[in-house]
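Read through the structure below, which is laid out as structure tokens, and then see the notes.
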Amino acid sequence: MSARILSGRTVANALVDELRAEVERLPVAPRLVFVRASDDPASASYVRSKARLASKAGVRNETRHLPESVRQEELIAVVEELNADDDVDGILVQLPLHAHLDPEPVLTAVLPAKDVDGLHPVNVGRLWTDRPGPVPATPAGLLRICDHYEVPLEGKEVVIVGRSALVGKPAAALFLRRHATVTVAHSRTRDLKAHLRRADLIVAAAGRPGMIGPDAVAPGAVVLDVGQAPVDGVLRGDVDPAVADVAAALTPTPGGTGPMTVAMVVANTVAAARARRGDGGGPAR
Ligand code: NAP
């Protein structure tokens with residue numbers, strides 16, 4: 001058997017087309033500001049891809065790059081200035097920050113209505129209490145992939161490997177909302193393979209290249225690979241490519257969950273603009 005390939009790139013392209021059409025109907029194009037307080041090349045490249053896709057969807061965007069000399073209060077002052085600017089719809093503080101900066105107060109300083117990353121505690125609370133609000137882009141993208149390829153979720157066993165605030169935890173909330181039975185595994189989980197073997201759907205988000213092999217996957221399972229780490233200069237997922245011989249469907253790396261994350265940030269910005277500017281837009285889900 002060879003697994004169906006769930007192309008995140010295809011789903012992301014379709015979403016960007018939808019967003020562009022939505023933006024064209026708005027009186028003012030949404031505006032997104034990236035705040036990058038780091039010199040990390042990977043994070044610079046993430047910001048560039050988000051900016052490129054935002055422009056493609058007609059979302060105005062710019063990047064504030066802050067040097068290593070920036071102090072915590074100065075960074076927070078930048079966020080507050082953007083909060084107060086009525087023409088700014090979305091603020092994205094790209095992590096990681098310069099080593100001397102504490103991300104927590106910075107993320108909390110972002111106005112929840114402009115928090116397109118969905119990481120503000122108010123938005124995390126909204127997610128877990130089924131209220132509208134922005135949802136972190138990566139897990140939101142996973143659901144979008146499932147919906148596009150008509151992967152059934154209700155009553156299914158979903159096993160998520162990883163419990164981060166960025167991926168694992170919000171993914172658990174979203175799959176629960178779709179009536180899946182969710183298990184969240186982490187580094188201290190005993191017998192991970194036993195959990196994985198009974199999953200109808202696996203979300204791999206540990207950042208351990210190739211850690212999930214074909215012997216850990218039940219025949220016919222759907223596998224969404226979030227992990228991304230360079231191995232000898234090549235981007236590798238958490239899922240061993242040989243899983244394609246066992247699974248019913250699998251996201252590729254690259255071209256799987258990554259492009260969806262980028263597209264969902266843009267979707268969150270359009271939704272934030274519509275909600276803030278009061279033309280009836282609901283938040284991204
Ligand atoms: P993170 O904060 O480091 O979290 C990793 C999680 O995996 C932790 O909960 C950790 O458990 C768990 N874990 C680590 N080793 C494990 C093991 N051997 N068995 C079971 N669980 C294990 O990372 P993250 O920010 O969630 O990102 C995870 C991966 O996704 C990274 O490769 C990252 O680059 C990638 N990523 C991809 C996208 C995308 O768009 N595709 C977006 C964001 C992140 P503990 O909590 O016990 O430490």
Side-chain angles (χ1 to χ4, degrees), residues 5-13 15-16 34 38 40-50 52-53 92-97 103-104 107 116-119 124 134-146 158-175 182-197 199 202-213 215-217 223-231 233-240 250-268 284:
I5 297 301
L6 306 176
S7 165
R9 202 178 303 285
T10 301
V11 186
N13 287 342
L15 176 56
V16 169
F34 300 99
S38 106
D40 174 41
S43 94
S45 139
Y46 291 139
V47 168
R48 274 198 304 276
S49 14
K50 290 171 191 167
R52 209 176 309 122
L53 220 66
L92 193 152
V93 180
Q94 182 69 43
L95 301 179
L97 305 177
E104 195 52 41
L107 296 178
V116 293
D117 252 344
L119 294 176
V124 175
V135 172
T138 303
L142 299 180
L143 281 211
R144 191 95 189 182
I145 291 175
C146 290
V158 171
V159 176
I160 300 169
V161 186
R163 56 173 163 180
S164 71
L166 198 62
V167 188
K169 282 182 191 157
L174 290 179
F175 283 104
V182 178
T183 301
V184 183
H186 46 79
S187 67
R188 301 188 201 185
T189 296
R190 270 186 293 133
D191 201 356
L192 176 63
K193 203 181 281 184
H195 289 284
L196 293 171
R197 292 248 349 143
I202 293 170
V203 174
R208 301 273 182 272
M211 73 174 274
I212 298 178
D215 58 331
V217 177
V223 181
L224 306 177
D225 192 359
V226 175
Q228 291 187 344
V231 178
V234 177
L235 204 61
R236 291 275 316 273
D238 287 350
V239 177
D240 182 332
L250 171 67
T251 57
T253 302
T257 57
M260 271 320 294
T261 295
V262 179
M264 289 309 305
V265 166
V266 182
N268 278 349

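Order of listing sets the numbers, starting from 1, for every ligand and every atom in it. Remember, predicted model here, so these are calculated numbers, not experimental data.
Atom numbering of ligand 1 starts at 1 in the shown order; those under 4.0 Å from a heavy atom of G162 are 6 (C), 7 (O), 9 (O), 12 (C). In summary, the atoms of ligand 1 found under 4.0 Å from a heavy atom of V161, numbered by their order in the structure, are 20 (C), 21 (N). Each of the following atoms of ligand 1 lies closer than 4.0 Å to a heavy atom of T138: 40 (O), 42 (C), 43 (C). Proximity to A205 (heavy-atom distance under 4.0 Å) selects the following atoms of ligand 1: 5 (C), 6 (C), 7 (O), 28 (C). The G207 neighbourhood of ligand 1 comprises atoms 29 (C), 31 (C), 32 (O), with distances under 4.0 Å to a heavy atom of that residue.
Nearest non-hydrogen protein atom to atom 20 (C) of ligand 1 is H186 O, 3.1 Å. What sits closest to atom 11 (O) of ligand 1 on the protein, heavy atoms only, is S187 N, 3.2 Å. R163 N, 2.8 Å is the protein heavy atom nearest to atom 9 (O) of ligand 1. Among protein heavy atoms, the minimum distance from atom 4 (O) of ligand 1 is reached at S164 CB, 3.8 Å. The single protein non-hydrogen atom nearest to atom 25 (O) of ligand 1 is L166 CD2, 3.8 Å, given as residue, atom name and distance. In this structure, atom 36 (N) of ligand 1 lies nearest to the protein heavy atom V226 O, 3.7 Å. Here the heavy atom of the protein found nearest to atom 3 (O) of ligand 1 is A206 O, 4.8 Å. Ranking protein heavy atoms by distance to atom 27 (O) of ligand 1, first place goes to V167 CG2, 4.4 Å.
With hydrogens and angles ignored, the 3.5 Å screen pairs no side-chain donor or acceptor of D240 with any backbone N or O of G213. Looking at T251, its side chain does come within 3.5 Å of a backbone N or O of D225 through a donor-acceptor pair. In this structure a side-chain-to-backbone donor-acceptor pair under 3.5 Å is present from D238 to A206.
For Y46, no nitrogen or oxygen atom sits less than 3.5 Å from a nitrogen or oxygen atom of ligand 1, counting backbone and side chain alike. Considering backbone and side-chain N/O atoms, D238 never comes within less than 3.5 Å of an N/O atom of ligand 1.
I145 and G8 make their closest contact through CD1-CA, 4.2 Å (heavy atoms, listed as atom of the first residue, atom of the second, distance). Smallest separation of non-hydrogen atoms from V93 and L97: CG1-CD2, 3.8 Å. A199 and V159 make their closest contact through CB-CG2, 3.6 Å (heavy atoms, listed as atom of the first residue, atom of the second, distance). The two residues K50 and V266 come nearest to each other via the heavy atoms O-CG2, 4.3 Å. The minimum heavy-atom distance between A12 and A263, with the atom names listed, is CB-CB, 3.9 Å. Listed here is the closest heavy atom pair of Q228 and G258: NE2-CA, 3.6 Å.
At least one heavy atom of G227 sits under 4.0 Å from some atom of ligand 1. Contact between G258 and ligand 1 is present, with at least one heavy atom of the residue lying under 4.0 Å from the ligand.
Looking at R208, R236, M211, it is M211 that brings a heavy atom closest to atom 19 (N) of ligand 1.
Test L15, L6, L142 against M260 for side chain to side chain contact (heavy atoms under 4.5 Å, CB included) and you get one pass: L15.
A heavy-atom distance below 4.5 Å is found between the side chains of V161 and M211. Within the 4.5 Å cutoff, no side-chain heavy atoms of P136 are placed close to those of V167.
With a heavy-atom cut-off of 4.0 Å, T261 touches ligand 1 through its side chain alone.
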